[in-house]
Participant: 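Sharing a structure with you now.
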Amino acid sequence: MAETAFVVVGAGGRMGRTLVRVLAETPGARLIGAIEPEGSAVLGADAGVLAGLPPLGVAVTDDPLPLFAKAQAVLDFTVPAATIAFAELAAQARLVHVIGTTGLSASDEEKIAAAARHAVVVKSGNMSLGVNLLAGLIRQAAKALDSGFDIEILEMHHRHKVDAPSGTALLFGRAAAEGRGVDLEAMSVRVRDGHTGPRPAEAIGFATLRGGSVVGDHSVVLAGEGETITLSHHAADRAIFARGAVKAALWGQGKKPGLYAMADVLGLSA
Ligand SMILES: NC(=O)C1=CN([C@@H]2O[C@H](COP(=O)(O)OP(=O)(O)OC[C@H]3O[C@@H](n4cnc5c(N)ncnc54)[C@H](OP(=O)(O)O)[C@@H]3O)[C@@H](O)[C@H]2O)C=CC1
Ligand SMILES: O=C(O)C1=N[C@H](C(=O)O)C[C@H](O)C1
C-alpha cells in the first residue's frame with residue numbers, strides 16, 4: 001500500500017498530540033513533520049514522545065516549507081490566523097488540507113474558499129462520525145416538526161476552549177436552519193441577559209458552558225407545547241475527531257480541488 005505523508009501543525013496541542021497517536025496506528029499513514037509556532041517550548045522535541053509514544057524520529061519545527069514540499073496532507077487544529085497562513089501554503093504545495101480549527105471569521109472563510117480553488121480542503125467544526133450523522137438527523141427533525149417546536153442548542157467544553165459557540169454547535173445550528181428553511185445568521189440568538197422579552201418565533205438559540213476537562217457535549221432541544229425532543233452527542237475521547245481528520249486526508253487524495261465537508265467524506269451529504 002502506498003503511504004501518505006502527513007504533517008501535523010499545532011503538534012504540541014491537545015488535538016495535535018492526539019493526531020500523532022492516531023497516525024501512528026493508521027495503516028498507510030506516515031508522520032513526516034510536526035509544526036509549532038516560533039518560540040514554542042516544544043520546538044526540537046520528538047513528536048512521538050510529546051504524544052506519549054516511543055520516539056518517532058520527527059522533531060517539532062517552526063518551518064513548514066521543507067515539510068510541505070515532501071508531504072501529501074496537512075492536519076490543522078490550531079488557531080484561525082495560523083490556519084489561514086497554512087491554507088495558502090498547502091494550496092501552493094497542492095496538499096490536502098484538513099481544517100478542524102474553529103472560531104473562523106467570515107473573512108477567514110473567504111480566504112479558505114480561495115485556497116480551495118487550488119487544492120483539496122476538508123473543513124468541519126467537528127470531524128467525528130457521530131456528530132456528522134446527528135447533524136443529518138437534526139436537519140430531518142427540524143424539517144418534520146413545525147415552527148411550534150422551538151430550537152435551542154446547548155454545548156459544554158473544557159475550560160481552555162477560546163471560541164463560542166463551538167464549531168459543532170454552529171454546524172448543528174446550520175443543519176437545523178436548513179431543515180426549517182430559515183437563515184441561521186438572521187435567526188440565531190447567541191446571548192440572553194436581563195429583560196429579553198419573549199422568544200422570537202423561528203429563533204435558533206445557543207447556550208455555552210465552559211469548565212473542567214469536558215471534551216465536548218452538545219444537545220439540540222426541540223421544545224414544543226407539552227413535549228420536548230433532545231438530540232445529544234457526548235465526546236469521551238479526542239481520538240474520534242483525529243480519526244475523522246485522518247480519514248478525510250486519505251479520502252481527499254486524488255480528488256478535484258474544492259472545499260469539502262466531513263459529510264462528503266462520510267457519504268452523508270444531504
Ligand atoms: N473540528 C473538530 O473536530 C475539532 C476542532 N477542534 C478545534 O481545534 C483547535 C485546536 O484545539 P486544541 O487542540 O484543543 O487547542 P490547543 O491550544 O491545545 O492546540 C493548538 C495548537 O496550535 C498551536 N499553534 C498556534 N499557532 C500556530 C502556528 N502559527 N503554527 C503552528 N502551530 C500553532 C498552538 O501552539 P501554542 O500553544 O504554542 O500557541 C497549540 O499547540 C480549536 O479551534 C478547536 O476548537 C478541536 C477538537 C475537534
Ligand atoms: O475545542 C474543542 O475542544 C472542540 N472543538 C470543536 C468545536 O468547537 O465544536 C469540536 C469538539 O467539540 C471539541
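Both counts, for ligands and for their atoms, begin at 1 and track the order of listing.
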Participant: Is there a polar contact between ligand 2 and F241, counting only N or O atoms under 3.5 Å apart?
Facilitator: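 It does not: no N or O of F241 is found under 3.5 Å from an N or O of ligand 2.
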
Participant: Show the atoms of ligand 1 that are less than 4.0 angstrom away from any heavy atom in T101.
Facilitator: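 Those of ligand 1 that fall under 4.0 Å from T101 are 43 (O).
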
Participant: Taking heavy atoms and a distance under 4.0 Å, where does K161 meet ligand 1: side chain, backbone, both or neither?
Facilitator: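 For K161, only side-chain atoms sit under 4.0 Å from ligand 1.
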
Participant: Side chains of R192 and F206: does their closest heavy-atom pair fall under 4.5 Å?
Facilitator: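 Heavy-atom side-chain distance check fails, nothing below 4.5 Å.
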
Participant: Quick one: is the NZ or CZ of K247 closer than 6.0 Å to the six-membered ring centre of W251, and within 45° of its axis?
Facilitator: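 Cation-pi check for K247 and W251: fails.
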
Participant: Counting non-hydrogen protein atoms only, what is the nearest one to atom 19 (O) of ligand 1? Give residue, atom name and distance.
Facilitator: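 For atom 19 (O) of ligand 1, the nearest protein heavy atom comes out as G13 CA, 3.4 Å.
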
Participant: Check whether any side-chain heavy atom of V120 lies under 4.5 Å from a side-chain heavy atom of Y260, and answer yes or no.
Facilitator: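 A side-chain contact exists here, since the closest heavy-atom pair is under 4.5 Å.
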
Participant: Select one of side chain, backbone, both or neither to describe which atoms of L171 lie under 4.0 Å from any atom of ligand 2, heavy atoms only.
Facilitator: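 For L171, there is no contact with ligand 2 at all, from either part.
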
Participant: Looking only at non-hydrogen atoms, which of E38, E36, R238 approaches atom 41 (O) of ligand 1 most closely?
Facilitator: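 Nearest option to atom 41 (O) of ligand 1, by heavy atoms: E36.
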
Participant: Less than 4.5 Å apart, any side-chain heavy atom of V96 and any of Q253?
Facilitator: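 In short, these two side chains touch, coming nearer than 4.5 Å.
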
Participant: Determine the minimum heavy-atom distance between M127 and I99, stating which atoms define it.
Facilitator: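 M127 and I99 have their closest heavy atoms at CE-O, 3.1 Å.
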
Participant: Closest approach of D264 and S269, non-hydrogen atoms and distance?
Facilitator: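 Minimum heavy-atom contact is OD1-OG, 2.7 Å.
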
Participant: Quick one: does any side-chain atom of T18 pair with a main-chain N or O of R14 as donor and acceptor, under 3.5 Å?
Facilitator: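 Yes, T18 side chain to R14 backbone: donor-acceptor pair under 3.5 Å.
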
Participant: Is the distance from the ring center of H218 to that of H157 below 6.0 Å?
Facilitator: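 Centroid distance H218-H157: below 6.0 Å, so yes.
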
Participant: Would G12 count as a contact residue for ligand 1, given that I'm defining contact as a non-hydrogen atom of the residue lying under 4.0 Å from a ligand atom?
Facilitator: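 The answer is yes: ligand 1 sits under 4.0 Å from a heavy atom of G12.
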
Participant: Atoms of ligand 2 less than 4.0 Å from H158 heavy atoms?
Facilitator: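 Close to H158: 1 (O), 2 (C), 3 (O).
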
Participant: Residue-level breakdown please: for V79 versus ligand 1, do any non-hydrogen atoms fall below 4.0 Å on the side chain, on the backbone, on both, or on neither?
Facilitator: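 Just the side chain.
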
Participant: Does only the side chain of M15 get under 4.0 Å from ligand 2, or the backbone, or both, or neither? Count heavy atoms.
Facilitator: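 None of M15 does.
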
Participant: Okay, side chain of N132, backbone of L129: is any donor-acceptor separation there less than 3.5 Å?
Facilitator: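 No, the answer is negative, given that no donor and acceptor are paired below the 3.5 Å cut-off.
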
Participant: Heavy-atom distances under 4.0 Å are what count here, so tell me which part of A85 touches ligand 1: side chain, backbone, both or neither.
Facilitator: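 Near ligand 1, A85 shows nothing, with every heavy atom at 4.0 Å or more.
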
Participant: Starting from atom 15 (O) of ligand 1, locate the nearest protein heavy atom and write down its residue, its atom name and how far away it is, to 0.1 Å.
Facilitator: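 Residue, atom and distance for the closest contact: R14 NH2, 3.6 Å.
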
Participant: Heavy atoms only: give me the nearest G167-T102 pair and the separation to one decimal.
Facilitator: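 Smallest interatomic distance, heavy atoms only, reads CA-CG2, 3.7 Å.
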
Participant: Is any NZ, NE, NH1 or NH2 atom of the basic residue among E155 and R210 found under 4.0 Å from an Asp or Glu carboxylate oxygen of the other?
Facilitator: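 Judged by the 4.0 Å cut-off on N to carboxylate O distance, E155 and R210 do form a salt bridge.
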
Participant: Does the residue V131 have a heavy-atom contact with ligand 2, meaning some pair of atoms that are separated by less than 4.0 Å?
Facilitator: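 Judged by the 4.0 Å heavy-atom criterion, V131 does not count as contacting ligand 2.
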
Participant: Any atoms of ligand 1 less than 4.0 Å from a non-hydrogen atom of F86? List them with their elements.
Facilitator: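 Once the distances to F86 are compared, the set is 30 (N), 31 (C).
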
Participant: As a check for students: among G100, G167, A235, G16, identify the option with a heavy atom nearest to atom 7 (C) of ligand 1.
Facilitator: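 The nearest heavy atom belongs to G100.
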
Participant: Under 4.0 Å, heavy atoms only, figure out whether ligand 2 is touched by the backbone of H218, its side chain, both or neither.
Facilitator: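 H218 to ligand 2: side-chain contact only, backbone stays beyond 4.0 Å.
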
Participant: What protein heavy atom lies closest to atom 3 (O) of ligand 1? Include the residue and the distance to one decimal.
Facilitator: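 I find the closest protein heavy atom is M127 N, 2.9 Å.
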
Participant: Which residue and atom name correspond to the protein heavy atom nearest atom 33 (C) of ligand 1, and how close is it?
Facilitator: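 Checked against all protein heavy atoms, atom 33 (C) of ligand 1 sits closest to P37 CD, 3.4 Å.
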
Participant: For S232 and S219, work out which heavy atoms get closest and say how close.
Facilitator: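 Minimum heavy-atom contact is OG-OG, 2.8 Å.
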
Participant: Would you check if E109 and K123 make a side-chain contact, meaning some heavy-atom pair closer than 4.5 Å?
Facilitator: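 Sidechains of K123 and E109: in contact.
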
Participant: Should V22 and M262 be counted in the same cluster of Ile, Leu, Val, Met, Phe, Trp and Tyr side chains packed under 4.5 Å apart?
Facilitator: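 Yes, V22 and M262 fall within the same hydrophobic cluster.
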
Participant: Which atoms from ligand 2 have a heavy atom of T102 less than 4.0 Å away?
Facilitator: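 This gives 7 (C), 8 (O) as the contact atoms.
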
Participant: Which option wins on minimum heavy-atom distance to atom 46 (C) of ligand 1: M262, M15, H160?
Facilitator: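 Shortest heavy-atom distance from atom 46 (C) of ligand 1: M15.
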
Participant: At a 4.0 Å threshold, what atoms of ligand 1 neighbour a non-hydrogen atom of F77?
Facilitator: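 Under 4.0 Å from F77, ligand 1 has these atoms: 1 (N), 2 (C), 3 (O), 4 (C), 5 (C), 6 (N), 8 (O), 9 (C), 10 (C), 20 (C), 48 (C).
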
Participant: Which residue supplies the protein heavy atom nearest to atom 9 (C) of ligand 1, what is that atom called, and how far is it?
Facilitator: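 In this structure, atom 9 (C) of ligand 1 has T78 O, 3.4 Å as its nearest protein heavy atom.
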
Participant: Among all protein heavy atoms in this structure, tell me which lies nearest to atom 28 (C) of ligand 1, with the distance rounded to 0.1 Å.
Facilitator: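 Result for atom 28 (C) of ligand 1: A82 CB, 3.6 Å.
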
Participant: Shared ILVMFWY cluster between L23 and V9, side chains joined below 4.5 angstrom?
Facilitator: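 No, L23 does not connect to V9 through the hydrophobic network.
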
Participant: So, regarding F241 and ligand 1 (criterion: nitrogen or oxygen to nitrogen or oxygen, under 3.5 Å), is there a contact or not?
Facilitator: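 By distance alone, the answer is no.
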
Participant: May I ask you to decide if A203's main-chain N or O and R199's side chain share a donor-acceptor pair within less than 3.5 Å?
Facilitator: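 The answer is yes, because a donor-acceptor pair under 3.5 Å joins these two groups.
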
Participant: Please check whether S124 reaches ligand 1 - meaning an N/O of the residue sits under 3.5 Å from an N/O of the ligand, judged on distance alone.
Facilitator: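 For ligand 1, there is an N or O atom that lies under 3.5 Å from one belonging to S124.
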
Participant: Please compare L104, D163, T102 and report which has the shortest non-hydrogen distance to atom 45 (O) of ligand 1.
Facilitator: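 The option holding the nearest heavy atom is T102.
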
Participant: My understanding is that we take every heavy atom of each candidate and find the minimum distance to atom 10 (C) of ligand 2. Doing that for S166, G216, G125, which one comes out nearest?
Facilitator: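 The option holding the nearest heavy atom is G125.
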
Participant: Less than 3.5 Å between some nitrogen or oxygen of T168 and one of ligand 2, yes or no?
Facilitator: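 Yes, T168 has an N/O under 3.5 Å of an N/O on ligand 2.
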
Participant: Under a heavy-atom criterion of less than 4.0 Å, does A235 contact ligand 2?
Facilitator: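 Contact absent.
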
